[in-house]
Amino acid sequence: MKLENKIAFVTGASSGMGHAIALKFAAEGATVIAVARRKEKLDALVAEASGLAGKIVAKSGDVADFAGITKVLDDSFAEFGKIDILVNNAGVMDEMMPVAECSDELWEKVLDTNLKGPFVICRRWLNGQLENGGGVIINTASIGGIQGARAGASYTASKFGIVGLTKNIAFMYAQKGIRCNAIAPGGVATEIAVGLKSPSKFGSERASSGMGANPRYGSADEIAGVALFLASDDSSFVNGAVITADGGWSAY
Ligand code: NAP
């Protein structure tokens with residue numbers, strides 16, 4: 001088992017990639033603190049993990065409630081003494097809004113969830129885990145964080161931001177036992193598109209210009225496999241990397 005005796009903290013674990021990452025880590029022996037807003041979905045995940053080598057513990061948390069999510073980390077450090085692996089995976093889409101159509105409210109919601117939340121979580125985590133000898137951060141970015149128009153303006157800015165945050169942490173703390181990497185998924189079948197309520201027609205048309213080049217959609221479990229690699233010692237020399245997992249879409 002690759003994650004025996006490890007404690008992991010995974011945000012956005014109630015569905016999609018976070019759900020798959022939590023299960024994969026628990027199968028490899030980790031105790032996984034699974035965080036999201038929908039507690040009933042997390043409770044179902046805890047039940048799903050019974051019989052695995054590790055276990056899943058559910059904690060309600062909103063990553064855009066900065067004081068609240070800091071308290072969830074405080075409580076987790078108090079309960080477990082350490083958090084070896086932090087996965088900043090929670091994220092929301094942005095209705096494909098280009099700048100001219102993007103409200104302040106939408107911009108703030110997307111940036112708070114996708115970028116400021118991970119920053120606040122990383123800060124609290126580093127201030128607990130540096131004195132424990134280090135650990136691993138995995139941030140879920142997107143190919144929208146390395147290419148300009150796979151989504152609207154706020155999502156794109158948030159994911160470029162998380163790539164920058166990843167590389168900054170990676171270099172700053174490289175000699176302190178910390179590794180920080182990002183995964184940049186392409187199209188993955190999850191609940192994320194369900195959240196689209198009234199997407200911009202213009203933005204959607206522009207953002208889908210390259211859809212014909214996408215070889216296929218991926219599964220959440222395929223992303224969880226990349227997360228396991230980054231969480232384990234198999235990637236001990238990988239730091240500050242953004243690993244694209246998109247079936248070759250962005251290679252075109
Ligand atoms: P998903 O199925 O919609 O899962 C998103 C998760 O984030 C849910 O568990 C949701 O839980 C959680 N979440 C959202 N806002 C939150 C908040 N304020 N506080 C706490 N948790 C919150 O989507 P997914 O595709 O797995 O997304 C996971 C990550 O992958 C995101 O960062 C997304 O940007 C990224 N990504 C997705 C794709 C794709 O094609 N699917 C491609 C590239 C990158 P609750 O609603 O219960 O809080």
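Whatever order the structure lists them in is the order used to number ligands and atoms, beginning at 1. Everything numeric here is computed off the predicted structure, so don't read it as measured data. Position 1 is the first residue of the sequence; numbering continues from there.
Residues His19 and Ser14 have side chains not in contact (no heavy-atom distance under 4.5 Å, counting atoms from C-beta outward). In this structure the side chain of Leu23 reaches within 4.5 angstrom of the side chain of Leu52, judged on heavy atoms. Using a 4.5 Å heavy-atom cutoff, the side chains of Ile243 and Asn181 are not in contact. Residues Tyr252 and Pro215 are not in side-chain contact: their nearest non-hydrogen atoms beyond the backbone lie 4.5 Å or more apart. Tyr217 is not listed as a side-chain neighbour of Val188, based on a closest heavy-atom distance of 4.5 Å or more. Residues Phe229 and Val238 form a side-chain contact, since some pair of their non-hydrogen atoms from C-beta on lies under 4.5 Å apart.
For atom 30 (O) of ligand 1, the closest non-hydrogen atom on the protein side is Thr140 CG2, 3.2 Å. Distance from atom 19 (N) of ligand 1 to its nearest protein heavy atom, with residue and atom name: Val63 N, 2.9 Å. Annotation: atom 27 (O) of ligand 1 to nearest protein heavy atom, Ile192 CD1, 3.9 Å. Among protein heavy atoms, the minimum distance from atom 1 (P) of ligand 1 is reached at Ser15 OG, 3.3 Å. In terms of protein heavy atoms, atom 15 (N) of ligand 1 is closest to Arg37 NH2, 3.1 Å.
Counting the atoms of ligand 1 from 1 in the order shown, those under 4.0 Å from a heavy atom of Met17 are 25 (O), 26 (O), 30 (O), 36 (N), 37 (C), 38 (C), 39 (C), 41 (N). Using a 4.0 Å cut-off to heavy atoms of Ala13, the atoms of ligand 1 that qualify are 9 (O). Counting the atoms of ligand 1 from 1 in the order shown, those under 4.0 Å from a heavy atom of Gly187 are 40 (O). For ligand 1, the atoms sitting less than 4.0 Å from at least one non-hydrogen atom of Ser14 are 8 (C), 9 (O), 10 (C), 11 (O), 45 (P), 47 (O), numbered in the order shown with element in parentheses. Per-residue contacts place Glu191 under 4.0 angstrom from the following atoms of ligand 1 (heavy atoms of the residue considered): 2 (O), 3 (O). Ligand 1 places these atoms under 4.0 Å from at least one heavy atom of Gly61: 19 (N), 20 (C). Atom numbering of ligand 1 starts at 1 in the shown order; those under 4.0 Å from a heavy atom of Ala90 are 7 (O), 12 (C), 13 (N), 21 (N), 22 (C), 32 (O). Atoms of ligand 1 found under 4.0 Å from any heavy atom of Gly186, numbered from 1 in the order shown, are 38 (C), 39 (C), 40 (O), 42 (C), 43 (C).
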**OP:** With salt bridge (charged side-chain N to carboxylate O under 4.0 Å, His left out) as the test, would you mind laying out the steps for Glu108 and Lys116 before giving the verdict?
**Re:** CA-CA 10 Å; Glu108 279 155 20; Lys116 188 169 177 187; over 6 Å; no

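Inclusion of Arg38 in the set of residues having an N or O under 3.5 Å from an N or O of ligand 1 is warranted. Between Asp62 and ligand 1, a contact under 3.5 Å exists for at least one N or O pair. Of the polar atoms of Ile143, none of the N or O atoms is found under 3.5 Å from an N or O of ligand 1, judged by distance alone.
The CG atom of Leu230 lies 5.0 Å from the CD1 atom of Ile138; values are rounded to the nearest 0.5 Å. To the nearest 0.5 angstrom, Ile85 atom CD1 is 4.5 Å from Leu3 atom CG. How far CZ of Phe77 is from CD1 of Ile7: 10.5 Å, rounded to the nearest 0.5 Å. From Glu101, atom CD reaches atom OG of Ser200 across 3.5 Å, with rounding to the nearest 0.5 Å.
Distances from ligand 1 to the non-hydrogen atoms of Tyr155 include at least one value under 4.0 Å. Using a 4.0 Å heavy-atom cutoff, His19 is absent from the residues neighbouring ligand 1. The closest approach between any non-hydrogen atom of Ala220 and ligand 1 is not below 4.0 Å. For the pair Val92 and ligand 1, a heavy-atom separation below 4.0 Å is found.
Closest to atom 39 (C) of ligand 1 by heavy atom, among Val188, Val194, Asn139, is Val188. One option in Ala141, Gly144, Gly91, Gly12 has a heavy atom closer to atom 44 (C) of ligand 1 than any other, and that option is Ala141. The option with the heavy atom closest to atom 25 (O) of ligand 1, from among Val35, Asp246, Thr190, is Thr190.
In this structure, Arg150 forms a cation-pi arrangement with Trp249, its terminal cationic atom sitting closer than 6.0 Å to the ring centre and no more than 45° off the ring axis.
When heavy-atom distances to ligand 1 are checked against a 4.0 Å cut-off, Thr113 comes that close only through its side chain, counted from C-beta outward. Of the heavy atoms in Lys159, only side-chain atoms (C-beta onward) come closer than 4.0 Å to ligand 1. Contacts between Asn89 and ligand 1 below 4.0 angstrom, taking non-hydrogen atoms only, involve backbone and side chain alike. No part of Ala184 comes within 4.0 Å of ligand 1, judged by heavy-atom distances.
Asp246 places a side-chain N or O within donor-acceptor distance of the main-chain N or O of Gly248, the cut-off being under 3.5 Å.
Identified under the salt bridge (charged side-chain N to carboxylate O under 4.0 Å, His left out) test for residues 78-87, with sequence neighbours left out: Lys59-Glu79, Lys82-Asp84.
Residues that satisfy the salt bridge (charged side-chain N to carboxylate O under 4.0 Å, His left out) test with Lys6, not counting sequence neighbours, are absent from this structure.
Between Asn89 and the options Asn139, Thr140, Thr11, a side-chain hydrogen bond (donor to acceptor under 3.5 Å, both in side chains) holds for only Thr140.
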